[in-house]
Number of protein chains: 2
Amino acid sequence: MSEKDNTVNIHSEKNRYHHGDLRSALIEEGLKLIDTGPADALSLREIARNAGVSATAVYRHFPDKAALLGALCLEGHARMAKAFEAAMASASPGVEAFNAMGRAYVTFALAHPSLFRLMMAQPDGPVPVPPPSPGGGGSDGMQILVNAIDGLFGPDAPAHVREAGRLRAWSLVHGLAMLILDGQVPAEPALIDAVVDASVL
Amino acid sequence: MSEKDNTVNIHSEKNRYHHGDLRSALIEEGLKLIDTGPADALSLREIARNAGVSATAVYRHFPDKAALLGALCLEGHARMAKAFEAAMASASPGVEAFNAMGRAYVTFALAHPSLFRLMMAQPDGPVPVPPPSPGGGGSDGMQILVNAIDGLFGPDAPAHVREAGRLRAWSLVHGLAMLILDGQVPAEPALIDAVVDASVL
DNA sequence: CAAAAAATGTTTACACCGATAACATGTCCG
DNA sequence: CGGACATGTTATCGGTGTAAACATTTTTTG
């Protein structure tokens, strides 16, 4: 078809370029889909379909499916960081803030099961709580959490003590979240509180 | 081929029936395969292929892929129970035995990553540590673990205290195992000890 | 401004997967 | 022997991720 009919095809704010920026659209659709089903049911083709584009178009923006999922993880970590900051803000400093953080961790996992799973299954992605290993990056605003934990142990506690405490707390909330997500433990708020509130003992 | 050459085809202890019991062979091949790769790469077709049988033959013994995986989980739980009993046996009763148990949990997870993941992802399967929910079955020899935990809290401790302690300990070791399996935390034995040995604090 | 270059999207194709249906074969029991 | 049954196979379907070749649009450049 060499003739254009009536539609302007110069980029009119919404129909710019070929699609308008795909890549963002793909990430958006991906996030929308991943919250409505198991993580392994998330297919590249379905994301593309929902974005109104051919399956192989995805490969112009991501080298493969894993890369697209990686982008979803990144956005997920940003959201989790926001949830942490909010929890941190609405609690007085000290143990209370620490527990609020733990609750926020579990709450986020339960609210976005597949996304959470995906985030944690990304071995090279950012990490919510930096492990005691050298060079463990740590994600966006998570320094807040680290500071909170370090504060609990006192600023003069040896590094390895603070690090072990960090890992212990992380393991506890992570394990609880996973067990609930996998259906091994019921999602009763009382249970969650009982575990989380003991995380610093 | 209407003639049989030399092999007897009456069931001679090993070549009985069509295959000699498939189903067991499938489970065996499945367990062999799942320990040499990621869990989601475990395909029904590959298991059948390795068992020297057509893909659809599987459906004579399992209604679908999930059922076959379920059978793998069952065997996995049996093995984990064995590991627990061994750990329990080689430690003096009390806190020491309890910590040995936690270490055994993490050790099993690291030794059989995909199988462990599969076992834990089975919402309806047996559960290594019965959660505080009513009717939580608990797997094979796991009553030993429950008894050990209950012993730590004293026999006169309220039920909900013992149950919360159980869930806390389980969450801790499970979270640690998962974080290591997902590559979020390095698998350093010192770290594992630091976390596990604090599980009853 | 026009033509070359780059970016973006589509069609086609392949190998793999889980699952169903129809068919073939071996085994057991009357 | 001969049917009834259990078991295994082939053919096929819709689904997936991905690569190759092609088409189109935007950008860049002479």
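In what follows, every chain begins at residue 1, and chains take the letters A, B, ... in the order their sequences are listed.
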Please state how far atom [atom1] in [X] lies from atom [atom2] in [N], giving the value in whole angstrom units.
X     : N      : atom1 : atom2 : result
B:R45 : D:dG8  : CZ    : C1'   : 15 Å
B:L42 : C:dG18 : CG    : C1'   : 13 Å
A:D21 : C:dG9  : CG    : C1'   : 15 Å
A:L44 : C:dG9  : CG    : P     : 14 Å
A:I47 : D:dG15 : CD1   : P     : 17 Å

(request) Salt-bridge test for A:E28 and A:K32: reply yes if a basic N is under 4.0 Å from a carboxylate O, no otherwise. (result) no
(request) Could you tell me whether A:D182 and A:R117 make a salt bridge, using a distance below 4.0 angstrom between a side-chain N and a carboxylate O? (result) yes
(request) Kindly write out the residues that satisfy side-chain hydrogen bond (donor to acceptor under 3.5 Å, both in side chains) with B:E96, not counting sequence neighbours, or none if the list is empty. (result) B:S92
(request) Look at the side chain of B:T56 against the base of C:dT20 and say whether a donor-acceptor pair falls under 3.5 Å; ignore hydrogens and angles. (result) no
(message) Between the base of C:dT11 and the side chain of A:S54, is there a donor and acceptor pair under 3.5 angstrom?
(response) no
(message) Using the ring pair (Phe, Tyr, Trp, His ring centres under 6.0 Å) criterion, which residues pair with A:H112? Sequence neighbours excluded.
(response) A:F108
Kindly list each side-chain donor-acceptor pair under 3.5 angstrom involving residues 51-68 of chain B, sequence neighbours excluded, with atom names and distances?
| from | atom 1 | to | atom 2 | distance (Å) |
| --- | --- | --- | --- | --- |
| B:D64 | OD1 | B:A67 | N | 3.1 |
| B:K65 | NZ | B:L42 | O | 2.9 |

(request) From the options C:dT10, D:dT10, D:dG8, select the nucleotide whose nearest atom is closest to the side chain of B:V53. (result) D:dG8
(request) Go through D:dA19, D:dT10, C:dG9 for me and flag the one nearest to the A:L22 side chain. (result) C:dG9
(request) For DNA chain C, find the residues of residues 24-33 of chain A with a heavy-atom distance under 4.0 Å and give them by number; none if there aren't any. (result) none
(message) Heavy atoms within less than 4.0 Å of DNA chain C: which residues of residues 57-68 of chain A have one? Give them sorted by number.
(response) A:A57, A:R60, A:H61
(message) At less than 4.0 Å, is any side-chain N or O atom of A:S43 found next to OP1 or OP2 of D:dT16? Yes or no.
(response) yes
(message) With a 4.0 Å cutoff (strictly under), does any side-chain N or O of B:R23 reach OP1 or OP2 of D:dA6?
(response) no
(message) So which atom in A:I47 and which in A:G30 form the shortest heavy-atom distance, rounded to 0.1 Å?
(response) CD1-CA, 4.0 Å
(message) Does A:E46 have more than 12 heavy atoms from other residues, nucleotides or ligands lying within 6.0 Å of its CD?
(response) yes
(message) Which label fits A:H174 and A:F116: parallel for a plane angle under 30°, tilted from 30 to 60°, or perpendicular past 60°?
(response) tilted
(request) Taking salt bridge (Lys or Arg N to Asp or Glu O under 4.0 Å) as the test, write out the residues that go with A:D35, two or more places apart. (result) none
